[in-house]
2 protein chains.
Amino acid sequence: MGDITIKELAQKLNVSIATISKALNDSHEISAATKEKVLAGVRKYNYTPNPNASSLRKKRSNTIAIVIPEVADSFFSQALKGIESIAQNLGYHVLIYLTYESFYKERLILNDIKNGRVDGVLMSISSETSNSLHIKALRDRNIPIVFFDRVMEETETAKVVTDDYQSSYKATQHLLERGCQHIAYLSTSKHLMISNERKDGYLQALKEHHIKASKHTVVQCSNHAEYNFTVLQKLLQQEDRPDGIIASIERLTSTIYLVCKELGIAIPGQLKVITFSNLDTAPILSPSLTTVSQPAFEMGRTAASILFKALQKKKLNIKNEKIVIPSVLVKRESTN
Amino acid sequence: MGDITIKELAQKLNVSIATISKALNDSHEISAATKEKVLAGVRKYNYTPNPNASSLRKKRSNTIAIVIPEVADSFFSQALKGIESIAQNLGYHVLIYLTYESFYKERLILNDIKNGRVDGVLMSISSETSNSLHIKALRDRNIPIVFFDRVMEETETAKVVTDDYQSSYKATQHLLERGCQHIAYLSTSKHLMISNERKDGYLQALKEHHIKASKHTVVQCSNHAEYNFTVLQKLLQQEDRPDGIIASIERLTSTIYLVCKELGIAIPGQLKVITFSNLDTAPILSPSLTTVSQPAFEMGRTAASILFKALQKKKLNIKNEKIVIPSVLVKRESTN
DNA sequence: GTGAAAGCGCTAACAC
DNA sequence: GTGTTAGCGCTTTCAC
């Protein structure tokens, strides 16, 4: 048994294909009786319209793409959930693409979806991305894009972010209040807005507390666990080692804990730790972890809502605005 | 600037649309010179074929669907990564659908992709799913499906699983060797093969060690954290409470740890814990967690490979076989 | 080796 | 309120 087409269904029901099409799109030109008849036929013969034909003709695919660096990460998997739940409600389909933090892949992906495959894009840029030509190419094709978390500042569209500067400032302040004198900030990308905002919040708090510049320590980490392990080993082995750490990404948590274990550094006794993280195991870590928890699901939902609203209004120029959903500093044992 | 079509490109290059189509599909009927010319034009005018038109005509979409219960879960997010990485290499697109453990949603989703939207499906069934009519409907449309982890036993196709029975047996044995006398098994779904396999492995190990039936404790948990919390509270408050726990799903880990904290039960002193889990925070939990680690990424990769191989051969009847990729028991402090 | 033309399954404009 | 028909952008015979 293959697919039944609109033509075959029309023959069986003794109506024209136009009538079926209109009935299914709930056109008001069709009588209630006919609609009922068509619907019954659809059920009986198990008819589903071919989306390729429909998309080709309508010039809309009812599909969006979500382009993110990674998915095995609590922030992105939760955000994805927020997006998918809304898409499912509205009858949209979701294509997922992972960039693995590669600008090259990101470019290939956007190029691959620029022609009719999707109606819109939700995106969090890779840590390598610093130029937006590939994004412009999408918008030139009238494909709206909404950023979440890692945004492209220069692109004029909606950006759903959290209060990175503020929450990093507060996190730093929390460590200072706990008596830290030498706080290190672990960064990853130099390009990413969020990374820089977090760094700036950190630096601002230090300045306000008159921490001298020699105790401003920004450590550049990478995407490779082994490399990061070595870097942190070095950091925590030095004479003048930090007594507090703010990690700008979740993935660093394990590395920090493991290095401390290896070097016999007690958390929080000798080192207090805060991570930007959505790990739901944070409360049961050893010690439980103080986190800056980002509203991942909510950010996903919000970004998706904005995009879908624009798509449904065919208003493809999305207002250039920043929607800020605050993060929460959850204090736990690692900063006691 | 809108999309450039094959027709427009043909005019600019002074060739027919057929020539362009053939050149792009690398047909041998086209001369090298013409191919070069077409490719140059494609680059110059930034032409991308419209996938809807192409799919409609070719009757293949170069797209697969992945249908899973959940994504904010280390097993599924890692499996998704395995799948996506292969798909990206082969030029396939990946639609993601979450069932949220609902059979109803699962049915709607499969119904929605049965007509030309996808060439194949990778799936892990919901915990509610016990009948396979919706899956049969897909296969009647010649859409191949490969299961991974949570398989539909009765459907004749490839199934990529881990050695659930064996690994649960080993986990139980490990607890017995550690001196546990009363081991509880935390189950979720009654329908899921994996759940029953794991339960059977557990029971078999108990039998072989002549543990009397009153110490065989299978606890039915749910998808709701609050409910599970109550159930575990009750379990661990009873006079004759277990001294070992095997949790069949990752999500229960936090609940177990939190209940123990609340009740003042020491892990591993008073209760030893093993979870089927891929948490990469397992080593840094308090105490670090003994896990049955499933080869999630590998399972995703394998399932995807089988599906793509079938698609490329147009051999849509996939051999009914079970590919078993073993899990690993990683011993840590929680069972010391 | 290249081009003309039919047609994939649908929607929308227009006719009745 | 329903039907006829053109055509979305591509691929694939089939001529030449």
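Labels below follow one simple rule: chain letters A, B, ... track the order of the sequence lines, proteins then strands, and each chain is numbered from 1. The model shown is predicted, which means the values in this text are computed figures rather than measured ones. These numbers come from the heavy atoms of this one structure, side chains and all, not from hydrogens, waters or symmetry mates.
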Taking atom types as modelled, is there a side-chain donor on A:Asn52 or B:Lys59 under 3.5 Å from an acceptor on the other? no
Please evaluate residues B:Glu153 and B:Lys322 with respect to the criterion salt bridge (Lys or Arg N to Asp or Glu O under 4.0 Å), reporting the C-alpha separation (whole Å), side-chain torsions for both, the decisive distance (0.1 Å), and the verdict. CA-CA 10 Å; B:Glu153 198 58 19; B:Lys322 207 170 250 174; 3.0 Å; yes
Tell me, for nucleotides 10-16 of chain D in 5' to 3' order, what letter each nucleotide earns: B for a base near a protein heavy atom under 4.0 Å, S for only sugar-phosphate near one, - for neither? BBBBB--
Non-neighbouring partners of A:Ala87 that pass side chain to side chain contact (heavy atoms under 4.5 Å, CB included), sequence neighbours left out: A:Tyr92, A:Val94, A:Phe308
For the CD atom on A:Glu321, are there more than 12 heavy atoms of other groups (residues, nucleotides or ligands in this structure) within a distance under 6.0 Å? yes
Starting from the C-alpha separation in whole Å, work towards a yes-or-no answer on salt bridge (Lys or Arg N to Asp or Glu O under 4.0 Å) for A:Glu36 and A:Arg43. CA-CA 11 Å; A:Glu36 195 38 65; A:Arg43 276 192 298 273; 3.6 Å; yes
To the nearest angstrom, the CD-P distance between B:Glu8 and D:dC8 comes to 11 Å
Where each residue is assigned the nucleotide of DNA chain C containing its nearest heavy atom, which of B:Leu56 and B:Thr34 is assigned the position nearer the 5′ end? B:Thr34
Can you tell me if A:Lys35 touches the phosphate of D:dG1, counting only side-chain N or O atoms and a distance under 4.0 Å to OP1 or OP2? no
Report yes or no: do B:Ser77 and B:Ser74 form a side-chain donor-acceptor pair below 3.5 Å? no
Note: chain B reaches DNA chain C at heavy-atom distances under 4.0 Å over the stretch, first to last nt, 5' to 3', of C:dG1 to C:dG9
Among side-chain atoms of A:Glu128 and A:His191, is any donor-acceptor pair under 3.5 angstrom? no
A:Lys105 and A:Thr99 side chains, donor-acceptor separation under 3.5 Å: no
